[in-house]
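Have a look at the structure below before the remarks.
Quantities reported herein were computed from a predicted structural model and do not represent experimental measurements. Index from 1, following the sequence.
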Amino acid sequence: MPVIDNLTSFAAVDFLSLTKEGGECLVIVVAGSFVLPRQRRSLGAPLELCDDQFAPPRTDAYWGAPEKSSLRYDVPSAYARSATDILLHGRAWAPGSRKVTRSQVTVRAGTMEKQAIVFGTRVWYRGLVGLSASDPLPFESVPLQYEYSFGGNAPSKYEARNPVGRGLYENAKEALDKPLPSIEEPQSLIRSWTDRPSPCGFGPVARHWLPRSRWAGTYDAAWVEKRAPLWPPDFDERFFQTAPQGLQATPHLRGGEPVVLDGVSPDGPIAFVLPSFRLLARCAFARRREKRLMMLDTVLLEPEENRLVLTWRATFPAHRELATHEVTTVRLLEHWEDVP
């Protein structure tokens with residue numbers, strides 16, 4: 001198995017992978033965990049390292065049973081990511097923990113921004129002209145998970161964009177006294193039980209959900225006969241991006257970008273600057289040496305854990321060379337060093 005000599009204070013793992021063309025490659029992933037400020041602070045103040053560094057997961061993790069809950073952590077084994085995923089795990093909080101019936105959540109990182117309107121519990125009731133939404137109940141906090149966004153899995157209907165959500169009903173009779181989504185896109189608020197808005201979320205999109213599954217390619221009889229286990233010819237590397245639309249930064253973030261989180265803490269907005277590190281990975285095989293600057297491809301915001309996790313990645317071609325791998329060294333570049 002490959003060996004990593006990790007000279008950083010972060011956690012480092014490796015994955016063996018295959019490119020679309022079937023070439024073997026070695027994927028190096030480094031995750032740095034930082035203490036996330038609980039309230040607004042000077043944008044110039046650097047973030048401290050967490051005592052415990054969050055190791056990149058080796059398997060996918062869900063919030064509950066995989067078939068009944070949304071994805072929490074996506075295993076970062078992809079050989080390529082063309083954008084930086086910005087992800088948020090947390091809750092929508094009422095200011096000062098004083099209950100409200102409606103709030104707004106904003107995530108801003110560099111030039112990327114995504115907002116959501118969050119409501120207390122509402123149900124459809126029978127009004128004068130069909131079903132109407134009840135007034136939202138007061139809440140202190142609501143989990144920012146796809147389970148609280150539009151979606152569902154009715155007997156004869158399936159919301160492929162979010163099968164674990166709420167609000168999808170077959171008819172008015174079924175919708176009566178049933179809940180509406182609590183998390184909605186500001187530009188497409190639900191007005192009728194027949195509305196089918198885009199699910200609103202901040203966490204990773206599972207592989208089998210739309211729109212991500214659209215990029216996976218075609219796995220038919222021809223693939224089984226001529227291509228398996230390689231990626232199909234129409235596979236698109238956009239499949240590897242896990243963040244929802246609006247939270248995929250192209251080009252990649254580099255560190256140093258301002259971040260503002262609003263509505264995710266009872267203490268008020270959180271503002272800081274992304275830590276800026278340049279990581280170099282050097283891969284040694286028996287017959288060659290290669291080094292690459294690692295790309296920042298995931299920003300994970302976890303205010304409930306008081307944690308920010310940055311993930312960097314580098315991929316080395318290693319077709320028919322994995323058996324000759326000696327060591328991969330990961331280190332920080334000094335400020336005076338040129339980028340290789």
- Calculate, to the nearest 0.5 Å, the distance between atoms CZ and CG belonging to Arg282 and Leu7 respectively. 11.0 Å
- Message: Hydrophobic clustering (ILVMFWY, side-chain heavy atoms < 4.5 Å, transitive) - are Leu26 and Val29 grouped together?
- Response: no
- Item | Cationic N near anionic O, under 4.0 Å, Arg81 to Glu237 | no
- Task: Indicate, with yes or no, if the rings of Trp63 and Tyr146 have centres closer together than 6.0 Å.
- Result: no
- In Å and rounded to the nearest 0.5 Å, what is the CD to CG distance from Gln104 to Asp262? 7.5 Å
- Note on the structure: Rounded to the nearest 0.5 angstrom, the NE2-CG distance for His252 and Asp297 is 5.5 Å
- Query: Looking only at heavy atoms, what is the nearest atom pair of Leu49 and Phe34, with distance?
  - Reply: CD2-CE2, 3.6 Å
- Between Pro37 and Leu47 the two heavy atoms that sit nearest each other are CD-CD2, 3.7 Å
- Note on the structure: Lys114 and Gly201 have their tightest heavy-atom pair at CE-O, 2.9 Å
- So, are Lys178 and Glu170 salt-bridged, with charged N and O less than 4.0 Å apart? no
- Between Glu326 and Arg287, is the closest basic N to carboxylate O distance under 4.0 Å? no
- Query: Does Ser141 use its side chain to pair, donor to acceptor, with the backbone of Trp93 at less than 3.5 Å?
  - Reply: no
- For residues Gln53 and Ser9, is any side-chain donor paired with an opposing acceptor at under 3.5 Å? no
- Message: Keeping Thr315 on the side-chain end and Tyr79 on the backbone end, is there a donor-acceptor pair under 3.5 Å?
- Response: yes
- Message: Test of understanding: clusters of I, L, V, M, F, W, Y form through side-chain heavy atoms closer than 4.5 Å, transitively. Do Val264 and Tyr148 belong to the same one?
- Response: yes
- Message: If hydrophobic clusters are built from ILVMFWY residues whose side chains come within less than 4.5 Å, do Val27 and Leu296 share one?
- Response: no
- Query: What is the distance from atom NE2 of His89 to atom CG of Leu87, rounded to the nearest 0.5 Å?
  - Reply: 6.0 Å
- Item | Side chain Glu257, main chain Leu274, donor-acceptor under 3.5 Å | no
- Item | Atom of Trp193, atom of Ala175 and distance for their closest heavy-atom approach | CB-CB, 4.2 Å
- If every non-hydrogen atom of Ala249 is compared with every non-hydrogen atom of Ile86, which pair is closest and at what distance? CB-CD1, 4.3 Å
- Query: Would a line drawn from the ring center of Phe235 to the ring center of Phe240 be shorter than 6.0 Å?
  - Reply: yes
- Query: So how far is it from Leu332 CG to Thr8 OG1, rounded to the nearest 0.5 Å?
  - Reply: 6.0 Å
- Item | Side-chain donor/acceptor of Arg288 to backbone N/O of Ala286, under 3.5 Å | no
- Is a side-chain donor or acceptor of Tyr219 paired with a backbone partner of Ala216 at a separation under 3.5 angstrom? yes
- Linking I/L/V/M/F/W/Y whenever any side-chain heavy atoms sit under 4.5 Å apart, do Leu144 and Leu247 land together? yes
- Message: I'd like to know if the side chain of Arg227 reaches the main chain of Trp231, judged simply by a donor and an acceptor atom lying under 3.5 Å from each other, with no hydrogens or angles considered.
- Response: yes
- Polar side-chain atom of Arg122 near backbone of Ser134 as donor-acceptor pair, under 3.5 Å: no
- Query: Is a salt bridge present between Arg207 and Asp74, judged by a nitrogen-to-oxygen distance below 4.0 Å?
  - Reply: yes
- Task: Check whether any side-chain N or O of Ser103 sits under 3.5 Å from a backbone N or O of Ala94 as a donor-acceptor pair, and report yes or no.
- Result: no
- Item | Minimum heavy-atom distance Ser276-Gly256, with the two atoms named | CB-N, 4.0 Å
- Can you establish whether the number of heavy atoms outside Lys20 located under 6.0 Å from its atom NZ is more than 12? yes
- Transitively linked via ILVMFWY side-chain contacts under 4.5 Å: Leu301 with Phe54? no
- Query: Charged N to carboxylate O under 4.0 angstrom, Glu140 versus Lys99?
  - Reply: no
- Is the charged tip of Arg196 near the ring of Phe150: under 6.0 Å from the six-membered ring centre and within 45° of its axis? no
- Message: Using side-chain heavy atoms (C-beta onward) and a distance below 4.5 Å, is Leu279 in contact with Arg331?
- Response: no
- Item | Student check: side-chain heavy atoms of Leu308 and Pro275 closer than 4.5 Å | yes
- Item | Electrostatic pair Lys157:Glu159 at N-O distance under 4.0 angstrom | no
- Within a strict 4.5 Å, meaning less than it, do heavy atoms of the Phe15 and Pro76 side chains meet? yes
- Task: State the CZ-CG distance between Arg278 and Leu293, to the nearest 0.5 angstrom.
- Result: 7.5 Å
- Query: When the ring centroid of Phe10 is compared with that of Phe277, is the distance short of 6.0 Å?
  - Reply: yes
- Query: Between the main-chain N or O of Trp209 and the side-chain N or O of Arg214, is there a donor-acceptor pair closer than 3.5 Å?
  - Reply: no
- Item | Backbone of Ile190 reached by a side-chain donor or acceptor of Glu184 within 3.5 Å | yes
